[in-house]
Amino acid sequence: MEQNNVEDITQTLTDEKSSNTCKKRNLNTKRTDYLDWQDYFMSVAFLSAQRSKDPSTQVGACIVNDEKKIVGIGYNGMPNRCSDDELPWKREADEWLETKYPYVCHAEMNAIMNKNSSSVKGCSIYVALFPCNECAKLIVQSGIKEVIYYSDKHKDKDTMKASRRLLDLANVTYKQHIPKNSQVVIDFDSINIRSSQKS
Ligand SMILES: O=c1ccn([C@H]2C[C@H](O)[C@@H](COP(=O)(O)O)O2)c(=O)[nH]1
Ligand SMILES: [Zn+2]
């Protein structure tokens, strides 16, 4: 009888174009290096942030319901129908009105406004940055019950203190996400890699 040992069933993934061998994977057993749910939703938030035109800080948010379905995604950007070529992107200017702050819609706001379900009540929101007090108001009012954030780099600012105060009072829980891997790489060309039986 043929022995199905690991050596026999290990296949070599070979790049179609270069014929370079890049990875070894056992093709007879379930993958173990797949993204878990939390890394997946946080990655969606980070990917969404890549759409942002803000030159200094790109924020993404992803709202997930209790069936682990994504019901809203957003990133920071200028409001719809307001040309982002005509509004300022500066952080500082002689006048506040010439900075981005009075105009830019935060990622959390856009994720809530973009929802594809009737409600986000009871949902979780995955965000790259801990939400500011304005976003905390929207999170509370929309019924979101949990915030999962990656960075809390502004935690000592008053806006963040106010945010935590609101979230605490409204019993919205928050926790920092520690990813399994510090990077999730999207390699478009990986789909072109074919598996060939190792000799
Ligand atoms: O809760 C938040 C807080 C901030 N943002 C956005 C708003 C701005 O576009 C940037 C912050 O820019 P800085 O230059 O770092 O001040 O982040 C958000 O989306 N959600
Ligand atoms: Zn905000």
Pairwise distance [atom1]([X]) to [atom2]([Y]) - rounded to 0.5 angstrom:
X	Y	atom1	atom2	value
E92	E98	CD	CD	14.0 Å
D66	K68	CG	NZ	9.0 Å
K161	H154	NZ	NE2	14.0 Å
Y174	D152	OH	CG	9.0 Å
S163	D168	OG	CG	9.0 Å

Where is the tightest heavy-atom contact between [X] and [Y], given as atom of each residue plus distance?
X	Y	answer
K145	S124	NZ-OG, 3.6 Å
G77	W89	CA-CH2, 4.4 Å
N26	N28	OD1-N, 2.8 Å

Point to revise | side chain to side chain donor-acceptor pair (under 3.5 Å) against R51, all qualifying residues, sequence neighbours excluded | key: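 With sequence neighbours excluded, R51 shows a side chain to side chain donor-acceptor pair (under 3.5 Å) to Y75, given in chain and number order.
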Is there a path of hydrophobic side-chain contacts, each under 4.5 Å between heavy atoms of I/L/V/M/F/W/Y residues, joining [Y] to [X]?
X	Y	result
V120	M109	yes
I73	M113	no
I186	V44	no
F188	V184	no
I148	F46	yes

What I'd like to find out is whether the side chain of [X] reaches to under 4.5 Å of the side chain of [Y], using heavy atoms alone.
X	Y	answer
C123	V71	yes
E146	V172	no
L166	I139	no
H177	D39	yes
V147	T173	no
M42	Y150	yes
Y149	Q176	yes
P88	T99	no

When you measure from the side chain of [X] to the backbone N and O of [Y], does any donor-acceptor pair fall under 3.5 Å?
X	Y	value
N65	E67	yes
S52	N76	yes
R164	K155	yes

**Study point:** side-chain contact (heavy atoms from CB on, under 4.5 Å) involving R81 - partner list, sequence neighbours excluded
**Key:**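 Not a single residue meets the side-chain contact (heavy atoms from CB on, under 4.5 Å) criterion with R81.
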Identify all side-chain donor-acceptor contacts of residues 125-135 below 3.5 Å with residues at least two apart in sequence or on another chain.
residue: Y126; atom: OH; partner: Q38; partner atom: NE2; Å: 3.4
residue: E134; atom: OE1; partner: K137; partner atom: NZ; Å: 3.4
residue: E134; atom: OE2; partner: K137; partner atom: NZ; Å: 3.0

Check your understanding: For K53, what residues pass the salt bridge (charged side-chain N to carboxylate O under 4.0 Å, His left out) criterion, not counting sequence neighbours?
Key ->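 Partners of K53 by the salt bridge (charged side-chain N to carboxylate O under 4.0 Å, His left out) criterion, ordered by chain and then number, come out as D84.
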Check your understanding: Would you say I191 has more than 12 foreign heavy atoms packed within less than 6.0 Å of its CD1?
Key ->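 Open.
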Review point. If you draw a 6.0 Å radius around CG in D94, do more than 12 non-hydrogen atoms from other residues or ligands fall strictly inside?
Key: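 It does not: D94 CG has 12 such atoms or fewer within range.
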Report all side-chain donor-acceptor pairs from residues 56-64 shorter than 3.5 Å, counting only partners two or more places apart or in another chain.
residue: S56; atom: OG; partner: D54; partner atom: OD1; Å: 3.1
residue: S56; atom: OG; partner: K100; partner atom: NZ; Å: 2.9
residue: Q58; atom: NE2; partner: D54; partner atom: O; Å: 2.7

Check your understanding: With sequence neighbours left out, which residue pairs that include part of residues 103-121 fulfil the side-chain hydrogen bond (donor to acceptor under 3.5 Å, both in side chains) condition?
Key ->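 Non-adjacent pairs meeting side-chain hydrogen bond (donor to acceptor under 3.5 Å, both in side chains): zero.
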